[in-house]
Amino acid sequence: MKPAVARILLTGATGGIGREAAGAFLRAGARLMLTGRSPQSLAALARELRDRHGLAEQDLPWVVADLREPRELERLAEHAAGWQCNVLVHAAGAPAFGALHAIDAATMAAVMQTNLIAPMQLTRAMLPSLRRQPGAQVLFVGSVLGAIGLPGYSVYSASKFGLRGFAEALRRELADTEVKVQYLGPRSTQTAFNGADVQAYNQATGTAMDSAASVAAALLRMLEDEEAERFLGFPERLGVRLNGLVPTAMDGSFRRHGRSLATLATLPERTGS
Ligand SMILES: NC(=O)c1ccc[n+]([C@@H]2O[C@H](COP(=O)([O-])OP(=O)(O)OC[C@H]3O[C@@H](n4cnc5c(N)ncnc54)[C@H](OP(=O)(O)O)[C@@H]3O)[C@@H](O)[C@H]2O)c1
């Protein structure tokens with residue numbers, strides 16, 4: 001849709017990608033409702049954005065919500081529906097990097113809850129009101145790792161593969177409605193999401209990282225052109241296609257990643273995240 005008519009609920013607004021996306025959406029003329037867990041971070045971000053974009057207090061509402069808490073998620077959905085939200089952008093997410101044995105059960109549950117269960121529940125809670133909005137959009141920030149599984153990302157990939165499956169099925173389920181469902185798969189991006197361990201792994205494997213601003217620009221493009229699915233970066237886009245066609249054919253290409261992970265695991269200060 002045209003940004004000028006978009007009323008966007010942005011989860012993960014306080015994150016590296018979320019902040020850039022908030023700026024890009026506002027510059028394009030969209031209205032925004034911000035959400036995250038920290039009232040301090042949200043208040044500071046809202047103040048900064050209002051100052052930069054010349055907005056009044058009521059023009060940039062924010063709601064504190066931990067998306068892993070069902071009651072807070074429901075309350076957020078009610079606020080957004082009452083505000084006539086017509087675009088839901090899921091940018092909240094939690095990382096998990098490391099060999100499987102280094103990722104404990106609590107981290108696994110938190111990652112699945114944040115990256116998969118919460119977006120599904122928030123979408124479900126918002127759907128009745130979104131269906132009343134002409135041309136509503138639900139835009140998931142997934143990952144290239146939601147289409148290609150790499151050593152070190154078993155748990156994270158499980159959450160993002162799940163999210164991609166959810167988005168694809170829901171897109172088809174809602175094909176005869178006003179609601180469009182979209183999935184953006186960024187590659188590795190320079191934010192606090194990635195610790196020193198990921199940066200060392202990326203360096204060792206020759207993995208490029210994008211800026212958060214370029215991911216935000218892609219989100220804005222997807223709002224405008226309503227494309228169903230887009231992956232960022234080359235060779236990642238090609239990799240997604242090949243992996244989709246013949247997944248085992250790419251196993252050999254990622255042996256180096258497995259060796260890099262094993263090397264990192266011998267350096268105690270760099271294991272897990
Ligand atoms: N960075 C990358 O390399 C990369 C690559 C591809 C895809 N992605 C995806 O892009 C999205 C944004 O990533 P990022 O790099 O911007 O990460 P980030 O800087 O770590 O930000 C994460 C955001 O998620 C929010 N969040 C986390 N857990 C939450 C919860 N339980 N309830 C509510 N909000 C919660 C955080 O809010 P608080 O202020 O409450 O902490 C923060 O705003 C994620 O979905 C991630 O999986 C990232």
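When a ligand or atom number is given, it counts from 1 through the structure's own listing order. All residue numbers in this chain count up from 1 along the given sequence.
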Student: Report yes if some N/O of T189 lies less than 3.5 Å from some N/O of ligand 1; otherwise report no.
Tutor: yes

Student: Check ligand 1 against N194 and write out every atom of the ligand that is under 4.0 Å from a heavy-atom position of the residue.
Tutor: 1 (N), 2 (C), 3 (O)

Student: Which atoms of ligand 1 are found less than 4.0 Å from any heavy atom of V141?
Tutor: 9 (C), 10 (O), 11 (C), 45 (O)

Student: At less than 4.0 angstrom from any non-hydrogen atom of D66, what atoms of ligand 1 do you find?
Tutor: 30 (C), 31 (N), 32 (N)

Student: If the contact criterion is a heavy-atom separation under 4.0 Å, does R19 count as touching ligand 1?
Tutor: no

Student: Ring pair (Phe, Tyr, Trp, His ring centres under 6.0 Å): which pairs involve residues 46-89, sequence neighbours left out?
Tutor: none

Student: Please determine if T14 has a nitrogen or oxygen closer than 3.5 Å to a nitrogen or oxygen of ligand 1.
Tutor: yes

Student: Should you measure from each heavy atom of A65, which atoms of ligand 1 turn up under 4.0 Å away?
Tutor: 32 (N), 33 (C)

Student: If you measure from each heavy atom of A94 to ligand 1, is any distance below 4.0 Å?
Tutor: no

Student: Judged by non-hydrogen atoms, does S41 sit under 4.0 Å from ligand 1?
Tutor: no

Student: Where the closest heavy atom to atom 22 (C) of ligand 1 is concerned, which of P119, G93, A13 has it?
Tutor: G93

Student: What about Y153 and F97, are their ring centers closer than 6.0 Å?
Tutor: yes

Student: Is there at least one pair of N or O atoms, one from A92 and one from ligand 1, spaced under 3.5 Å apart?
Tutor: yes

Student: Checking the N or O distance criterion of under 3.5 Å, is ligand 1 in contact with P186?
Tutor: no

Student: Of all the non-hydrogen atoms in the protein, which one sits nearest to atom 15 (O) of ligand 1, and at what distance?
Tutor: T191 OG1, 2.5 Å

Student: Just go through G18, G142, A110 and tell me whose heavy atom is the nearest to atom 7 (C) of ligand 1.
Tutor: G142

Student: Looking only at heavy atoms, is any part of V215 under 4.0 Å from ligand 1, and if so is it the side chain, the backbone, or both, or is it neither?
Tutor: neither

Student: Does an N or O from S143, backbone or side chain, lie closer than 3.5 Å to an N or O of ligand 1?
Tutor: no

Student: Looking at D225 and R230, does any basic side-chain N land under 4.0 Å from a carboxylate oxygen?
Tutor: yes

Student: For the residue pair T207 / T205, report whether a side-chain donor-acceptor contact shorter than 3.5 Å exists.
Tutor: yes

Student: Is a side-chain donor-acceptor pair under 3.5 Å present for N202 with S188?
Tutor: yes

Student: Show which atoms of ligand 1 fall inside a sub-4.0 Å distance from at least one heavy-atom site of Y156.
Tutor: 7 (C), 8 (N), 9 (C), 46 (C), 47 (O)

Student: Kindly write out the residues that satisfy salt bridge (Lys or Arg N to Asp or Glu O under 4.0 Å) with E168, not counting sequence neighbours, or none if the list is empty.
Tutor: R172

Student: Does M209 have a heavy atom less than 4.0 Å from any atom of ligand 1?
Tutor: no

Student: To check you understand the geometry: which heavy-atom pair defines the closest contact between T11 and T35, and what is its length?
Tutor: CA-CG2, 3.6 Å

Student: R187 to ligand 1: N or O pair under 3.5 Å?
Tutor: no

Student: Answer with yes or no whether T11 contacts ligand 1, where contact means a heavy atom under 4.0 Å from a ligand atom.
Tutor: no

Student: Could you list the atoms of ligand 1 found under 4.0 angstrom from a heavy atom of S188?
Tutor: 3 (O)

